[in-house]
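Notes follow once the structure below has been shown.
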Amino acid sequence: MLEVRDLHLQYGGIQAVKGISFDVRCGELVALIGANGAGKTSTLKALARMLPQATGRVTLNPPGEAAIDLMRLPAHELIAAGVALVPEGRGVFARQTVLENLKLGAFRVKDRRLVHERLENLLERLPRLKERATQLAGTLSGGEQQMLAIARALMSAPRLLLLDEPSMGLAPIMVDRIFELITNARDSGVSILLVEQNARLALKVSKRAYVLESGRITLSGDSAELLQDDRVRAAYLGEAVNASISS
Ligand SMILES: Nc1ncnc2c1ncn2[C@@H]1O[C@H](COP(=O)(O)OP(=O)(O)O)[C@@H](O)[C@H]1O
Ligand SMILES: [Mg+2]
């Protein structure tokens with residue numbers, strides 16, 4: 001679905017992404033993990049056409065359709081191409097209601113009945129948002145706002161969903177709910193690129209993963225295998241691996 005080749009990104013003199021390549025296959029949930037400052041957000045923003053200085057080849061390959069060169073696509077056509085980004089820090093419209101936020105997710109869809117159908121469908125699955133439909137988004141808890149941000153992205157019926165740190169700052173119970181929403185989206189056929197600092201969680205829900213370190217991919221493979229990898233365990237899972245404790 002998504003093919004990224006030799007992606008570079010620079011801010012002034014700082015090289016934040018140094019020629020990375022990776023894929024997300026159709027219906028796959030792929031994780032991009034890495035420490036703070038590794039270049040995860042920069043990568044997602046580059047894919048979402050928010051950083052015009054990015055270079056490389058980024059291709060969307062929807063099955064049965066012509067490939068789309070995302071690097072040449074104007075940012076405003078991204079949603080039409082089927083790509084939706086849920087940014088770090090959620091980005092819901094605080095002074096709009098939950099319902100208004102959700103409808104904005106489908107602003108491009110002309111068929112009102114279709115919008116209504118998607119809305120009903122999502123709210124049925126998300127009683128927390130349904131109960132708060134007429135509440136201003138800014139009054140929701142962090143977890144509810146994250147849920148809203150993802151639900152808003154799903155209103156555009158994306159083929160590829162880009163998620164930036166959906167677990168950040170949330171209580172474990174909310175993290176579970178958010179990840180249930182994410183895995184449900186995957187099960188319904190959405191291809192997902194999940195950026196997470198919470199490596200354990202990301203590796204548990206994803207099929208494959210890439211490890212980003214200082215703008216380079218240093219490890220990749222099946223998530224189940226990476227969970228057992230000594231380097232990953234030592235650096236990202238907070239586990240002491242063969243550590244000799246001298247005292
Ligand atoms: N707007 C910016 N201007 C300059 N440097 C930036 C900017 N955004 C990010 N960076 C730098 O790029 C690197 C990668 O940042 P980022 O992509 O946010 O990492 P991550 O999401 O993995 O924490 C960091 O060194 C960061 O300081
Ligand atoms: Mg980030």
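Order of appearance sets the numbers: ligands from 1, and atoms from 1 within every ligand. In this text the structure is predicted, and so the values were computed from the model without any measurement.
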Supply the members, apart from L136, of the Ile/Leu/Val/Met/Phe/Trp/Tyr cluster built from side-chain contacts under 4.5 Å; use none for a lone residue. none
Are any N, O or S atoms from T41 nearer to the Mg ion (ligand 2) than 2.8 Å? yes
Any carboxylate oxygen within less than 4.0 angstrom of a Lys/Arg side-chain nitrogen, looking at E225 and R208? no
Exercise answer: donor-acceptor pairs, residues 104-113 side-chain atoms, under 3.5 Å, sequence neighbours excluded:
| from | atom 1 | to | atom 2 | distance (Å) |
| --- | --- | --- | --- | --- |
| D111 | OD1 | R113 | N | 3.0 |
| D111 | OD1 | L114 | N | 3.3 |
| R112 | NH2 | V109 | O | 2.8 |

Side chain of K18, backbone of S214: donor and acceptor closer than 3.5 Å? yes
Treating N101 as the side-chain partner and V92 as the backbone partner, does any N or O pair qualify as donor plus acceptor under 3.5 Å? no
Ligand 1: which residues have a non-hydrogen atom closer than 4.0 Å? Y11, A16, A35, N36, G37, A38, G39, K40, T41, S42
Hey, can you pull the donor-acceptor pairs under 3.5 Å for the side chains in residues 67-82, sequence neighbours left out?
| from | atom 1 | to | atom 2 | distance (Å) |
| --- | --- | --- | --- | --- |
| D69 | OD1 | M71 | N | 3.1 |
| D69 | OD2 | R72 | NE | 3.3 |

